[in-house]
Amino acid sequence: MAAPESRPTDQDVLDALAAVAAARERDVITRALEAARERLAMDAAYVSSVTPETQRVDELVGVSAHMGFTVGTTLPLTETYCDLMLRGELPNLVPDTRVEPRVAHLSITDRVGAYIGVPIRLADGRLHGTLCCASGEARTGFGDDEVHFMEVLAGIVATEIDRSEESRAEAADRLLDRSPGRPSSA
């Protein structure tokens with residue numbers, strides 16, 4: 001995918017955010033990923049979840065197999081750009097991974113040319129994972145505006161994840177209330 005010819009206007013950014021806000025349920029995350037990928041002209045955008053040991057790609061739009069990951073890919077956290085970013089050892093934006101000494105030791109650097117990632121923090125402050133974009137080739141012309149755009153999208157994604165967790169918890173409570181042998185709460 002080629003770098004964008006011109007920078008999006010403020011109205012383009014507002015339109016992309018409005019489309020994300022108007023989406024429903026799981027579509028919200030897909031729309032957020034599409035907005036990130038299109039705005040940054042990257043090969044792929046993805047949401048990951050992290051544990052102290054691993055990072056898993058949960059949702060993805062675009063093409064990423066050539067970079068070595070797809071939906072469901074789980075890597076040791078210490079082998080990811082996101083780990084370094086989350087620990088404050090790598091900036092959110094790496095326009096050319098091949099000239100960034102802090103990622104030279106990572107095997108994925110041979111396949112990823114550009115990276116941008118931001119944390120996804122849930123309403124209770126827990127770290128869920130990351131919202132990222134990656135490209136097989138280096139990208140130029142990025143800066144604070146792109147990082148801020150990703151942070152706004154990460155907030156939208158976090159809200160949707162919170163909403164999904166609440167819905168699952170409510171559904172589980174309803175199932176438990178209706179289990180045979182349990183008195184009804186009504």
Side-chain angles (χ1 to χ4, degrees), residues 1-5 7-51 54-75 77 80-83 85-86 92-94 108 111-137 139 142 145-172:
M1 181 175 284
E5 299 274 330
R7 297 186 61 80
T9 65
D10 287 345
Q11 188 60 50
D12 292 335
V13 172
L14 291 173
D15 290 345
L17 291 173
V20 171
R24 295 182 161 256
E25 298 171 12
R26 297 304 298 169
D27 192 38
V28 170
I29 294 174
T30 300
R31 293 281 182 123
L33 292 172
E34 289 169 349
R37 181 175 175 257
E38 290 171 14
R39 165 87 159 71
L40 278 69
M42 298 286 256
D43 294 341
Y46 57 97
V47 169
S48 75
S49 53
V50 296
T51 70
T54 63
Q55 178 179 12
R56 180 181 189 280
V57 177
D58 296 326
E59 306 263 348
L60 181 139
V61 297
V63 180
S64 61
H66 66 289
M67 292 182 282
F69 61 92
T70 59
V71 170
T73 298
T74 301
L75 296 170
L77 186 60
T80 68
Y81 298 145
C82 293
D83 179 48
M85 181 269 299
L86 291 169
N92 297 92
L93 173 61
V94 182
I108 198 164
R111 298 179 303 273
V112 174
Y115 162 87
I116 183 168
V118 295
I120 298 172
R121 293 213 177 268
L122 303 179
D124 63 6
R126 281 182 298 136
L127 174 68
H128 172 81
T130 59
L131 171 65
C132 304
C133 285
S135 183
E137 301 297 323
R139 295 285 186 259
F142 290 152
D145 288 346
E146 287 74 21
V147 172
H148 181 67
F149 184 72
M150 292 286 286
E151 290 169 339
V152 170
L153 291 176
I156 292 168
V157 168
T159 299
E160 187 59 29
I161 292 168
D162 279 328
R163 191 174 303 145
S164 294
E165 285 183 359
E166 288 172 13
S167 295
R168 281 193 301 274
E170 289 170 5

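Taken from CZ in Phe149 to CG in Leu131, the straight-line distance is 9.5 Å, to the nearest 0.5 Å. The structure places CG of Leu33 at 11.0 Å from CD of Glu38, a figure rounded to the nearest 0.5 Å. Atom CD1 of Ile120 and atom CG of Asp162 lie 11.0 Å apart (nearest 0.5 Å). How far CZ of Phe142 is from CG of Asn92: 13.5 Å, rounded to the nearest 0.5 Å. With values rounded to the nearest 0.5 angstrom, Ser135 atom OG is found 14.0 Å from Tyr115 atom OH. A distance of 13.0 Å separates CZ in Arg163 from CG in Leu122, rounded to the nearest 0.5 Å.
Across all non-hydrogen atoms, the minimal contact from Asp58 to Ser48 is OD2-C, 3.7 Å. Nearest heavy-atom pair across Gly68 and Thr73 is O-CG2, 4.3 Å. Counting all heavy atoms, side chain and backbone alike, Gly117 lies closest to Cys132 at CA-SG, 3.9 Å. Considering every non-hydrogen atom in both Leu153 and Ala32, the closest pair reads CD1-O, 3.5 Å. Contact record, Asp83 with Thr80: N-OG1, 3.1 Å, taken as the closest heavy-atom pair. The shortest heavy-atom contact between Glu146 and Arg39 is OE2-NH1, 3.3 Å.
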Tell me, with the steps shown, if Val112 and Tyr81 meet side chain to side chain contact (heavy atoms under 4.5 Å, CB included). CA-CA 10 Å; Val112 174; Tyr81 298 145; 3.6 Å; yes

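Side-chain contact between Thr54 and Leu77 is absent, with no heavy atoms from C-beta onward closer than 4.5 Å. Residues Val61 and Thr30 are in side-chain contact: their nearest non-hydrogen atoms beyond the backbone lie under 4.5 Å apart. Within the 4.5 Å cutoff, side-chain heavy atoms of Asp43 are placed close to those of Arg139. Ile108 places a side-chain heavy atom less than 4.5 Å from the side chain of Phe69. With a 4.5 Å cut-off on side-chain heavy atoms, Thr130 and Gln55 count as touching. A heavy-atom distance below 4.5 Å is found between the side chains of Val147 and Ile116. The shortest side-chain heavy-atom distance between Ile156 and Glu160 does not fall under the 4.5 Å cut-off.
The closest donor-acceptor contact from the side chain of Ser64 to the backbone of Met67 lies at 3.5 Å or more, if one exists at all.
For the pair Arg37 and Glu34, the salt-bridge criterion is not met [side-chain N within less than 4.0 Å of a carboxylate O].
Around NE2 of His148, the count of heavy atoms belonging to other residues, nucleotides or ligands within 6.0 Å does not exceed 12.
Among Val28, Ile29, Val152, the one residue that satisfies the side-chain contact (heavy atoms from CB on, under 4.5 Å) test with Val157 is Ile29.
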